[in-house]
Participant: 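Have a look at the structure that comes next, please.
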Amino acid sequence: MNKLQRLGRYLLLLLIFSACQKPFEFGFDIYEIAHYHNNGAGRFELMVDLTKARKFFRIESYINRSKPKRTQTLIKKAFQDIHRRLRGVQGISRISTAYDKQMLYFKLSLHFSSIRALNNAMRKISAHADRAKLTYFSMDRHSLVRLDVQSIVGLGEYYQARDDSYIASFDLKTFFKDVTHRTAYSFDREIKKVTNQAATISKSRRVVTLHHCLFNEKEGASSIGNQVF
């Protein structure tokens, strides 16, 4: 497909959006879910839920008839790419990826033997978006720290650039403005306090949740940062 065809499809999609009295959502939800044991081992899951974008995908399939489910295929390939890069990472085991029949739900899961192993895994996951030695988590006997890093935006830009269709022409801030990033961390012990005021502690005091819009400039990159005592 040449650049003119890409632009034409992009403008057609934009015209459909603007003509609708109630524009279709192209937002989706990203979940980062983990359980941390007292010894630093645990389980980590990264999920993408595209349910909110179903109407958009119907339009996309109509316009791009030759390659339906283009966006879902791009995300599927990204998860498969991450799975391959995680193989052989010391301290990481039980790596798996899954997606549903409609390709609206994707999940990557793994087990880590230590926070160091989890950081090494995160570096592989975010290899195309962040510095090689970046630290994502730190943990001692008193607290867990999730540092202020937002790799999801960078990864989205990387895989978008690899696409050969009109998706590569999208303005991420415009089309992904409703994308949310939600974290849910659970622990063996009760949570005493957290530093991020937007975080919520469950009634059991074993789970802390936090969510924000990735492309909301008002929230900024520090929205994901949190220290859990």
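Here, residue 1 is the first one in the sequence, and each next residue gets the next number. None of these values were measured; they are calculated from a predicted model.
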Participant: Do Val194 and Thr200 touch side chain to side chain, with heavy atoms closer than 4.5 Å?
Facilitator: no

Participant: How about Phe137 and Val145: do any of their side-chain heavy atoms sit closer than 4.5 Å?
Facilitator: no

Participant: Taking C-beta and beyond as the side chain, do Arg123 and Tyr136 meet within less than 4.5 Å on heavy atoms?
Facilitator: yes

Participant: Any side-chain heavy atom of Val207 sitting closer than 4.5 Å to one from Tyr185?
Facilitator: no

Participant: Should Tyr105 and Val48 be marked as a side-chain contact (heavy atoms from CB on, under 4.5 Å) after you check the CA-CA gap, both sets of side-chain angles, and the distance that decides it?
Facilitator: CA-CA 6 Å; Tyr105 177 84; Val48 174; over 6 Å; no

Participant: Could you check whether any side-chain heavy atom of Val228 comes within less than 4.5 Å of a side-chain heavy atom of Lys193, counting everything from C-beta outward?
Facilitator: no

Participant: Report, as yes or no, whether the 6.0 Å neighbourhood of atom OH on Tyr99 holds more than 12 heavy atoms from other residues, nucleotides or ligands.
Facilitator: no

Participant: Kindly check if the number of other-residue, nucleotide or ligand heavy atoms within 6.0 Å of CD (Gln90) is above 12?
Facilitator: no

Participant: Between the side chains of Arg182 and Thr180, is a donor N or O closer than 3.5 angstrom to an acceptor N or O?
Facilitator: yes

Participant: Is it the case that the side chains of Asp188 and His35 hold a donor-acceptor pair, with the cut-off being a distance below 3.5 Å and no angle test?
Facilitator: yes

Participant: For a side-chain contact (heavy atoms from CB on, under 4.5 Å) check, start with the C-alpha distance between Leu46 and Phe106, then their side-chain angles and the critical distance, and finish with the verdict.
Facilitator: CA-CA 8 Å; Leu46 182 65; Phe106 301 83; over 6 Å; no

Participant: State, with a plain yes or no, whether a side-chain heavy atom of Leu86 is found less than 4.5 Å away from one of Leu110.
Facilitator: yes

Participant: Can a donor-acceptor pair be found between the side chains of Arg116 and Asn119 at a distance below 3.5 Å?
Facilitator: no

Participant: Looking at every heavy atom in both Ser96 and Ser109, which two are closest together, and how far apart are they?
Facilitator: OG-OG, 2.7 Å

Participant: Has Arg206 got more than 12 heavy atoms of other residues, nucleotides or ligands less than 6.0 Å from its CZ?
Facilitator: yes

Participant: Would a 4.5 Å heavy-atom cut-off, applied to side chains only, mark Phe44 and His111 as touching?
Facilitator: no

Participant: Looking at side-chain heavy atoms only, is the closest gap between Val208 and Phe187 below 4.5 Å?
Facilitator: yes

Participant: Might you work through the side-chain contact (heavy atoms from CB on, under 4.5 Å) test for Leu108 and Ile82, ending with a clear yes or no?
Facilitator: CA-CA 9 Å; Leu108 167 75; Ile82 292 171; 3.7 Å; yes

